[in-house]
K.L.:
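Got a structure for you, written out below as C-alpha cells; questions coming shortly.
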Amino acid sequence: MEEIKTSNFIEEIINKDLASGKVKKVYTRFPPEPNGYLHIGHAKSLCLNFGIKQKYDGKCNLRFDDTNPVKEDEEYVESIKEDIKWLGFKWDKLLFASDYFDLMFDYAVKLIKKGKAYVCDMSAEEISKNRGTLTEAGKESPYRNRSVEENLDLFMRMKNGEFKDGEKVLRAKIDMASPNMNMRDPVIYRIVHASHHNTGDKWCVYPMYDLAHPLEDAIEGITHSICTLEFEDHRPLYDWVVRECECECQPQQIEFARLNITDTVMSKRFLKRLVDEKTVEGWDDPRMPTICGIRRRGYPASAVKDFCERIGVAKANSEVEFAYLESIVREHLNRDADRVMAVTNPIKVIITNYTGSEVLQIENNPNKEEKTYRNVSFSAELYIDGSDFMVSPPPKYHRLYKGASVRLKGAYIITCNDVVFDKDGNVKELLCTYVPESKSGNDTSGLKVKGVVQWVDANNHTKVTLRRFKPLLGLNNGETDYINRVDKNSMRQETALAEKALDNAQIEDKFQFMRIGYFVKDKLSTKDNAVFNEIVGLKDSFNKTNC
RNA sequence: AGGGGUGUCGCCAAGCGGUAAGGCACCAGACUUUGACUCUGGCAUUUCGUAGGUUCAAAUCCUGCCACCCCUGCCA
C-alpha cells in the first residue's frame, strides 16, 4: 500500500490502519438525523466523510439515523438528499437506521442472554435521580439482577405493546459507579408508541443512539465512524456495544471539532424557529446558513467544499471568521462566474453625438482560457450607476463628473459635458459625447482614462429585482455562541431562560453591499440552479437594473 | 484530585527532538478597459497557555499549574 500524504489527524489514523493491515478498504458514512435541514456545519462532516472516500478510493454511505420517530420527518430526508447531490457527493448506499430495527432487536436479545442488559421498571425521573452526580457514584437499579428469562419475557412484552411509554426500558448493565456518566447503565431501548416515517406502526420499541449507532456502523462494515467532539465520552460505550454484541466488524469512532462561524447561528432549533415564526422565508432563505440557503445566495458548491477543506480538521474548538468563507466564495466566483453588467441606481446618459445603435460583444470572463462573449445592445441613451457619477467629486475620484471622461466598459470613452437637473434639483440626465475611435478592442484614440463604468442600454435591457443580503444570520450583540449554548441548555432545566434569550435575540437585517454580492432574484425558484448561475457575478456586475 | 478533551500570529492551521509552513485578515507599493482581479514586499527570534525539568538541541519528551470546551435526555 503506497503512502498517502495526510492532511489531518484522521487521515493519519487511516494511514496507520491501512499500513498495519487492520483495515483493507476505508468505509465511512454520513449519518444525519432527518429532523431538520442541513447547514454549512454539516457540509464539513460531509466533505470529511466523502472526501476520505474519494482520497482512499473507499466507500461512503448516506444513512439516515432515524431511531426517534417523534422527531423525524420525510420532508427532511428529501431535502438532505438534494443538498448532498448539489454539493456533488455520491453515496454508495442510501440507508435508514430503521432498516435495521429487526437486527438491532436481535442484538438487544443477545445482550440480555449474555447478562449484559436488563429491563428496568423505574421512571425516567427515578433513573435520573439514581444516576448519581459528576462526583458521586450512582445507585444500582433494584431491577438490575433480574434473571435472563424474566428479562427476555419482559423485553418481548415491551415489543408486543403490553406497556405504556416510559413504563419500562432496557438498560445496558455496565457500571453505576463509572466516572463516565454514559457508562452508568445507559438506557438502550425505550417504548415509544408512535408511527415511524419508515416502519410505520411495526414497532413500539426503539433503540437509543448509543446502541443503534455502533450497530449501524458494524452492520454496514464502516471502518471509521467520524463524529463530533461531544461524543468523545460515548466512545467507551460505542466500543462496549460492538464488543459485547460480538460484531464481526469492529468500527472505530473518531471525533473532530464541529464548525463554528462568527456571527452565525447553527442551532437547528433556532433556525427552525426562524422558519416557523416566518422571520425568514423558509429554510432556503438566502440569509440562512443552510445548504439550500447559501445555494440560493449564489455560493458555488465548489466554494463550499473548498472552504471545508481549507479550514482543516482538528480537535480544538474553533470559530472561523466569516471573512474566510467570503474570500473563498469570491475566489471561486471570480474564477468561474460569467460577468454581466448591472446598474442598481440608474442615471440616464445621453450621448449627443451618437446616432443609431449597435450590438457589442463583451467578454464573459477574462479569467477563462476559452473566451466567450455576450451581446450587449448599445445606443445613445444609456444608464449608468448612481455611484459612478458625482456632482462634486472628492479628490482622486476616477469616475464621472462634469468635464470628466470615463470608459463605458466594453464600449467607448465618453466625456460628460453637462448635467441636467429636475425641478427638485436631482440629477436627471447627463449629456455626454463619445469618442468614435475609442471602441473597446480597437481603440486608436490614444486616450487614457482612469475610470471604467458599467452601463446598460436604456431601451434594451433586462429588468430583475435584486435584493442584497447580509449573508448569514448575525445577532445584534454577536452573541451567537451564547444563543447556541442556551439553546442546548433549554432542553433541560433552563427552558424559560433560553426562550427569553431567543426572544431577545434580534435578527440583524442590515443589508450590506459586499465586494462580490450574493444577489437573489425575488420569488426565485429555489430548485432552479441555472438561475443562480445567471445572476451570480462580481461586484457591480449584475445583470441589470431595478429601475 | 469526578471523567473526557483542547491550548502555535486578530481568525483557521502545519509542525511528531534539530532551531516556527500556508491561507484569511491587515499594512505598504505596482499593475489594471470592473477603484475588482492580479502581482510585489511586510506581518510569531527574548516565540508555540504557563512554570520548571531532561537534552548539545524542545512547540515537539517529563512534571506541576492555569484557561477554555464536553458529560448527570427514556435526543442524536
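To find a chain, count down the sequence lines: A is the first, B the second, and so on, and within it residues start at 1.
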K.L.:
Can you tell me, in whole Å, how much space there is between the P of B:rC26 and that of B:rG17?
P.N.:
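The answer is 37 Å between these two P atoms.
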K.L.:
Identify which one of A:R171, A:K164, A:K168 satisfies the salt bridge (charged side-chain N to carboxylate O under 4.0 Å, His left out) criterion when paired with A:D121.
P.N.:
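Passing option: A:K168.
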K.L.:
Among the nucleotides B:rG23, B:rG2, B:rC74, which one has an atom lying closest to any side-chain atom of A:V169?
P.N.:
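Taking heavy atoms from C-beta onward, the closest nucleotide is B:rC74.
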K.L.:
Hey, is the side chain of A:R131 poking within less than 4.0 Å of OP1 or OP2 on B:rG2, counting only N and O atoms?
P.N.:
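The answer is no; no side-chain N or O of A:R131 sits under 4.0 Å from OP1 or OP2.
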K.L.:
Is it the case that the base of B:rU33 and the side chain of A:R407 share a donor-acceptor contact (distance under 3.5 Å, atom types as modelled)?
P.N.:
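Yes, the side chain and the base share a sub-3.5 Å donor-acceptor pair.
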K.L.:
Using a cut-off of less than 4.0 Å, is there contact between a side-chain N or O of A:R190 and OP1 or OP2 of B:rA76?
P.N.:
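So the side-chain polar atoms of A:R190 do come within 4.0 Å of the phosphate oxygens OP1 or OP2 of B:rA76, strictly under.
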K.L.:
Using a 4.0 Å heavy-atom cut-off across all strands, classify A:G138 as base, sugar-phosphate, or nothing.
P.N.:
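Answer is nothing: A:G138 stays at 4.0 Å or more from every strand.
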K.L.:
In whole Å, I'd like the distance from the CD atom of A:E255 to the C1' atom of B:rC71.
P.N.:
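In whole Å, B:rC71 C1' lies 13 Å from A:E255 CD.
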K.L.:
Among B:rA76, B:rC12, B:rC74, which nucleotide has an atom closest to any side-chain atom of A:S318?
P.N.:
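The closest nucleotide is B:rC12.
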K.L.:
How far, in whole Å, is B:rA44 from B:rA21 if one measures between their P atoms?
P.N.:
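Straight-line distance between the two P atoms is 10 Å.
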K.L.:
B:rC75, B:rC11, B:rA25: which one has an atom nearest the side-chain heavy atoms of A:E321?
P.N.:
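The answer is B:rC11, which lies nearest to the side chain.
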K.L.:
Taking atom C1' in both B:rC43 and B:rC27, what distance in whole Å separates the two?
P.N.:
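8 Å, rounded to whole Å.
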K.L.:
Could a donor-acceptor pair under 3.5 angstrom be found where the side chain of A:D233 meets the base of B:rG3?
P.N.:
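Answer yes: a donor N or O sits under 3.5 Å from an acceptor.
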K.L.:
Of all the choices, B:rC16, B:rC12, B:rC74, which nucleotide is nearest to the side chain of A:E12 once you look at every atom?
P.N.:
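From the listed options, B:rC16 comes nearest.
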K.L.:
Expressed as a whole number of angstroms, how long is the span from A:F30:CZ to B:rA76:C1'?
P.N.:
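It works out to 12 Å between those atoms.
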K.L.:
For a quick check of understanding: with a heavy-atom distance under 4.0 Å over all strands, which category does A:T67 fall into, base, sugar-phosphate or nothing?
P.N.:
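It contacts sugar-phosphate atoms only.
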K.L.:
Under a 3.5 Å cut-off for both contacts, is B:rC74 paired Watson-Crick or G-U wobble with anything, and if yes, with which nucleotide?
P.N.:
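Here B:rC74 is not engaged in any pair, so there is no nucleotide opposite it.
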K.L.:
Is the NZ atom of A:K315 crowded by more than 12 outside heavy atoms at less than 6.0 Å?
P.N.:
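Buried by this count: over 12 neighbours within 6.0 Å.
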K.L.:
Taking the side chain of A:L134 as its heavy atoms from C-beta onward, which of B:rG3, B:rA76, B:rG2 lies nearest to it?
P.N.:
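For A:L134, the side-chain atoms sit closest to B:rG2.
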K.L.:
In this structure, are over 12 heavy atoms from other groups packed under 6.0 Å from A:R146 atom CZ?
P.N.:
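Atom CZ in A:R146 is crowded, with more than 12 foreign heavy atoms closer than 6.0 Å.
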K.L.:
Over how many whole Å does the gap from A:L400 atom CG to B:rG35 atom C1' extend?
P.N.:
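Interatomic distance, CG of A:L400 to C1' of B:rG35: 15 Å.
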K.L.:
Considering only side-chain heavy atoms of A:E319, which listed nucleotide, B:rC12, B:rA76, B:rU33, is closest?
P.N.:
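That would be B:rC12.
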K.L.:
Would you call A:H398 stacked on B:rG35, i.e. ring centres under 5.5 Å apart with the planes less than 30° off parallel?
P.N.:
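Yes, the aromatic ring of A:H398 stacks with the base.
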K.L.:
How is A:L408 classified with respect to the nucleic acid when contacts are heavy atoms under 4.0 Å: base, sugar-phosphate, or nothing?
P.N.:
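Nothing, no heavy atom under 4.0 Å.
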K.L.:
I need the CG-P distance between A:D165 and B:rC74, as an integer number of Å.
P.N.:
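Distance check: A:D165 CG to B:rC74 P gives 14 Å.
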K.L.:
So which nucleotide from B:rG3, B:rU6, B:rC74 ends up closest to the side chain of A:P179?
P.N.:
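Out of B:rG3, B:rU6, B:rC74, the nucleotide with an atom closest to A:P179's side chain is B:rG3.
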K.L.:
In whole Å, what is the span from the NZ atom of A:K368 to the P atom of B:rU34?
P.N.:
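Value for this atom pair: 18 Å.
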K.L.:
If you pin A:G312 and A:N364 to their nearest nucleotides in RNA chain B, which one's is more 5'?
P.N.:
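The residue closer to the strand's 5' end, by nearest nucleotide, is A:G312.
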K.L.:
Salt bridge or not for A:D306 and A:R310, using N-O below 4.0 Å?
P.N.:
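Yes, this pair counts.
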K.L.:
Atom CG of A:N317 and atom C1' of B:rC12: how far apart are they, to the nearest Å?
P.N.:
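It is 13 Å, rounded to the nearest whole Å.
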K.L.:
Provide the distance between the two P atoms, one in B:rU40 and one in B:rC31, to the nearest whole Å.
P.N.:
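Result for the P pair: 15 Å, nearest Å.
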K.L.:
Base, sugar-phosphate alone, or nothing: which one does A:S128 contact when heavy atoms must sit under 4.0 Å apart?
P.N.:
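Sugar-phosphate contact only - A:S128 comes under 4.0 Å of backbone atoms but never of a base.
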K.L.:
Has A:R184 got a side-chain N or O lying under 4.0 Å from the OP1 or OP2 atom of B:rG3?
P.N.:
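For A:R184, the contact criterion (side-chain N or O under 4.0 Å from OP1 or OP2 of B:rG3) is not met.
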K.L.:
Using Watson-Crick or G-U wobble geometry with both distances below 3.5 Å, tell me the partner of B:rU19, or none.
P.N.:
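Because no pair has both required distances under 3.5 Å, B:rU19 counts as unpaired.
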K.L.:
Base, sugar-phosphate, or nothing for A:Y189, non-hydrogen atoms under 4.0 angstrom?
P.N.:
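Counting heavy atoms under 4.0 Å across all strands, no contact is made by A:Y189.
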K.L.:
Under 4.0 Å, counting only non-hydrogen atoms across every strand here, what does A:A323 touch: a base, just sugar-phosphate, or nothing?
P.N.:
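Touches sugar-phosphate only.
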K.L.:
Tell me which nucleotide among B:rG2, B:rC74, B:rC12 gets nearest to the side chain of A:I311.
P.N.:
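Side chain of A:I311 sits closest to B:rC12.
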K.L.:
Is the shortest distance from a Lys or Arg side-chain nitrogen in A:R258 or A:E230 to a carboxylate oxygen in the other one below 4.0 Å?
P.N.:
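Here A:R258 pairs with A:E230 in a salt bridge, since their nearest N and O are under 4.0 Å apart.
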K.L.:
Starting at the 5' end of RNA chain B and moving along, which residue's nearest nucleotide shows up first, A:E167 or A:L229?
P.N.:
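The residue whose closest nucleotide sits nearer the 5' end is A:L229.
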K.L.:
Roughly, in whole Å, what's the span from CG in A:L211 to C1' in B:rC75?
P.N.:
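Rounded to whole Å, this separation is 15 Å.
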K.L.:
Classify the nucleic acid contact of A:V313 as base, sugar-phosphate or nothing, counting any heavy atom under 4.0 Å across all strands shown.
P.N.:
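Sugar-phosphate, backbone atoms only, no base.
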K.L.:
To the side chain of A:R399, which of B:rC74, B:rU72, B:rG35 is closest?
P.N.:
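In terms of side-chain proximity for A:R399, the closest of B:rC74, B:rU72, B:rG35 is B:rG35.
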K.L.:
For A:Y37, is the NZ or CZ atom of A:K268 found under 6.0 angstrom from the centre of its six-membered ring and inside 45 degrees of the ring axis?
P.N.:
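Relative to the ring axis of A:Y37, which defines the angle, A:K268 lies outside at least one limit.
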K.L.:
Counting the atoms with a prime plus P, OP1 and OP2 as sugar-phosphate, which does A:Y206 contact under 4.0 Å by heavy atoms, base, sugar-phosphate, or nothing?
P.N.:
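No contact.
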K.L.:
So what does A:M122 touch, heavy atoms closer than 4.0 Å: a base, only the sugar-phosphate, or nothing?
P.N.:
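Here A:M122 touches the bases of the nucleic acid.
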K.L.:
In plain terms, say whether A:E126 and A:R131 are close enough for a salt bridge, that is, a side-chain N and a carboxylate O under 4.0 Å apart.
P.N.:
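Not counted as a salt bridge, because no side-chain N and carboxylate O are separated by less than 4.0 Å.
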K.L.:
Rounding to an integer number of angstrom, what distance separates B:rG7 and B:rU50 when you compare their C1' atoms?
P.N.:
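Per the computed distance, 11 Å lies between those C1' atoms.
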K.L.:
State whether the number of non-hydrogen atoms from other residues, nucleotides or ligands found under 6.0 Å of A:K272 atom NZ is greater than 12.
P.N.:
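Count not over threshold, so no.
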K.L.:
Return yes when atom OH of A:Y401 has more than 12 non-hydrogen atoms of other residues, nucleotides or ligands closer than 6.0 Å, and no otherwise.
P.N.:
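Atom OH in A:Y401 is not crowded, with 12 or fewer foreign heavy atoms closer than 6.0 Å.
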K.L.:
Hey, would you say the A:F378 and A:Y354 ring centroids sit under 6.0 Å apart?
P.N.:
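A:F378 vs A:Y354: aromatic centres under 6.0 Å.
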K.L.:
Under 4.0 Å between any heavy atoms, over every strand shown, what does A:A212 touch: base, sugar-phosphate, or nothing? Just pick one.
P.N.:
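No contact.
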K.L.:
With P as the reference atom in both, quote the distance from B:rC65 to B:rG2 in angstrom, rounded to an integer.
P.N.:
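That atom pair is separated by 12 Å.
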K.L.:
Could you work out the separation of B:rG41 and B:rC48 based on their P atoms and round it to a whole Å?
P.N.:
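B:rG41 and B:rC48 have their P atoms separated by 28 Å.
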K.L.:
So if I take every side-chain heavy atom of A:E33 and compare against B:rA76, B:rC71, B:rA13, which nucleotide ends up nearest?
P.N.:
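That would be B:rA76.
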K.L.:
For A:K450 and B:rC31, give me the distance from atom NZ to atom C1', rounded to whole Å.
P.N.:
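Roughly 10 Å, once rounded to whole Å.
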K.L.:
Using a 4.0 Å heavy-atom cut-off, does A:H234 contact any base of the nucleic acid, only the sugar-phosphate backbone, or nothing at all?
P.N.:
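Base: the residue A:H234, judged by heavy atoms under 4.0 Å, touches a nucleobase.
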K.L.:
Between B:rG22 and B:rU32, how far is it from one P atom to the other, in whole Å?
P.N.:
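It comes out at 29 Å once rounded to the nearest Å.
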